[in-house]
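Naming convention: chains lettered A, B, ... in sequence-line order (proteins, then strands); numbering from 1 in each chain.
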Protein chains: 2
Amino acid sequence: MRVDVVHNVLKLNDALAQQIRSGLRAQGIFVPNLISSPGSGKTTLLERTLAHFQGEWGQAVIVGDLATSRDAERLAPFAQSVQINTDGGCHLDAAMVANALPHLDLTGVDVLYIENVGNLVCPVGYDLGHDAKVALISVTEGEDKVAKYPRLWREADVVLLTKADLLPYVPFSRDGFYEDLRALNETVPVLEVSSSTGQGMDAWFDWLRVRRAQETTKPAS
Amino acid sequence: MRVDVVHNVLKLNDALAQQIRSGLRAQGIFVPNLISSPGSGKTTLLERTLAHFQGEWGQAVIVGDLATSRDAERLAPFAQSVQINTDGGCHLDAAMVANALPHLDLTGVDVLYIENVGNLVCPVGYDLGHDAKVALISVTEGEDKVAKYPRLWREADVVLLTKADLLPYVPFSRDGFYEDLRALNETVPVLEVSSSTGQGMDAWFDWLRVRRAQETTKPAS
């Protein structure tokens, strides 16, 4: 019985997510969904990304957290930002995104970033109507998080290895990281980045540009 | 209906957890449950802890991960270790612990450590039959994880601020950390530790000694 309930919830979620995606695609809006552990650097990456594309793109952000509006407040200087508080829920779902959308003026928006709740497990199974899953892992977490939390890396459209500037100070095996990642996903692009030093950020911006161009030329349904 | 199901699941879990706790307490076994984000340093802390108490205590470990037996393999040189693979589940539950216990020889064991799945949300609500919740947060995650994931810090019996040796290299506000933590939990002890340098580890070992003495003199039911 428990399985049936969860199954129905997921089916309803996916139907709503599909509606969201169709609607946003019809408006030419590209939607990346950022997923990682707490503290991997999603919000800082978004600060740098929003600043970089100011003037080039219209941008907006939906941010999920269990509590507080701190992330949306950090991002508000750069772009329209809506904070979703899940009140204990460990991931965003399509209904939360649908409820957040009317709080944004999407006129002229080219990219709508979704920053999921910090969690390597729960967010992976929920379609939010996004176009791409952006998976982050920081060098301070350790390379073993790839093999131990496999689903995210299997489904990721791009993997960002963040806080790369801290590599000299932490026991992170880059070889082990690539070995485990390639065993799960042979083709996903991996970008080593640092929001602090700017290392690798141009490759991330290029990835966004190329992927956005691909997605927004797809048919709307 | 969905709420009812979850409610029943939690009630069943808690009843089983109470049985586990009673059984282990009758054997004089103290059970800390370690909870944190992925990569906060639970396994490394356990390596140091098991090594420190070798000869003083009989020790055993139950480790939860979505996949792999890497953590149990890391801990096996120090103590009996059982790995639970949750196959996608974001936390341990009492049934998993009950199934793991027969794989351990508890004769002469004084402390049974449980290392939960790396997750700041899901594990918090599940009683595993433990005596204490040990909450870890690493300085590399950022101090805002306290306010953004409030429940764990409210319910923690001790908070370990890990990777304290990396403080010079990361933008972590110690003042902000204590301010947010004290707003949620006025009394929980906080220990700043580094498994790499050994900083603060004696305070952690002392905490374990004192808490174990308190718990194992409580009545068994």
Side-chain angles (χ1 to χ4, degrees), chain A residues 1-6 8-9 36-41 43-44 63-71 74 85-91 117-125 137-152 163 165-166 168-172 180 184 195-196, chain B residues 1-6 8-9 36-41 43-44 63-71 74 85-91 117-125 137-152 163 165-166 168-172 180 184 195-196:
Chain A
M1 176 168 165
R2 191 186 171 196
V3 172
D4 280 353
V5 174
V6 172
N8 287 340
V9 169
S36 78
S37 297
S40 297
T43 313
T44 307
V63 192
D65 275 304
L66 272 74
T68 83
S69 58
R70 292 189 187 191
D71 283 359
R74 282 176 60 187
N85 280 158
T86 63
D87 294 329
C90 56
H91 60 88
V117 177
N119 196 305
L120 272 188
V121 184
C122 318
V124 187
I137 174 173
S138 65
V139 300
T140 57
E141 292 168 63
E143 74 286 349
D144 58 334
K145 301 314 168 293
V146 171
K148 286 162 64 179
Y149 301 83
R151 186 170 170 191
L152 175 59
K163 308 192 189 185
D165 57 301
L166 294 177
Y169 309 111
V170 295
F172 183 90
D180 288 347
L184 294 168
S195 293
S196 296
Chain B
M1 178 169 165
R2 191 185 170 195
V3 172
D4 281 351
V5 174
V6 172
N8 287 339
V9 168
S36 78
S37 296
S40 296
T43 313
T44 307
V63 192
D65 275 305
L66 274 72
T68 83
S69 58
R70 292 190 187 191
D71 283 359
R74 281 176 61 188
N85 279 346
T86 63
D87 293 329
C90 57
H91 60 87
V117 177
N119 197 305
L120 272 187
V121 185
C122 317
V124 187
I137 174 174
S138 64
V139 299
T140 57
E141 291 168 64
E143 75 286 350
D144 59 335
K145 301 312 169 292
V146 171
K148 285 160 66 178
Y149 300 83
R151 187 170 170 192
L152 175 59
K163 308 192 188 185
D165 58 302
L166 295 177
Y169 310 110
V170 295
F172 184 90
D180 288 348
L184 294 168
S195 294
S196 296

Open item on the list: Has Lys148(A) got a side-chain atom pairing as donor or acceptor with Asp71(B)'s backbone, closer than 3.5 angstrom?
Closed with: no
TODO: With rounding to the nearest 0.5 Å, note down the distance linking CG in Asp144(B) to OG1 in Thr68(A).
DONE: 7.5 Å
Open item on the list: Counting only non-hydrogen atoms closer than 4.5 Å, does Asp180(B) touch chain A with its backbone (N, CA, C, O), its side chain (CB onward), both, or neither?
Closed with: side chain
TODO: Answer with side chain, backbone, both or neither: which region of Lys145(A) has an atom nearer than 4.5 Å to a non-hydrogen atom of chain B?
DONE: side chain
- [ ] Check whether Arg151(A) gets within reach of chain B through its side chain, its backbone, both or neither, counting any heavy atom under 4.5 Å.
- [x] neither
- [ ] Determine the option with the most heavy-atom pairs under 4.5 angstrom with chain B, choosing from Pro150(A), Gly142(A), Cys90(A).
- [x] Cys90(A)
- [ ] Please state whether the side chain, the backbone, both or neither of Pro38(B) comes within less than 4.5 Å of a heavy atom of chain A.
- [x] both
- [ ] Check each of Thr140(B), Leu166(B), Val170(B) against Tyr169(A) using the side-chain contact (heavy atoms from CB on, under 4.5 Å) test, and report the only one that passes.
- [x] Leu166(B)
- [ ] Flag the one option from Val124(B), Asn119(B), Thr43(B), Leu120(B) with the top tally of heavy-atom pairs under 4.5 Å to chain A.
- [x] Asn119(B)
- [ ] Measure across Gly89(B) and Val121(A) and return the closest heavy-atom pair with its distance rounded to 0.1 Å.
- [x] C-CG1, 4.5 Å
Open item on the list: Give me the atom names and distance for the closest heavy-atom approach of Asp65(A) to Tyr149(B).
Closed with: OD1-OH, 4.0 Å
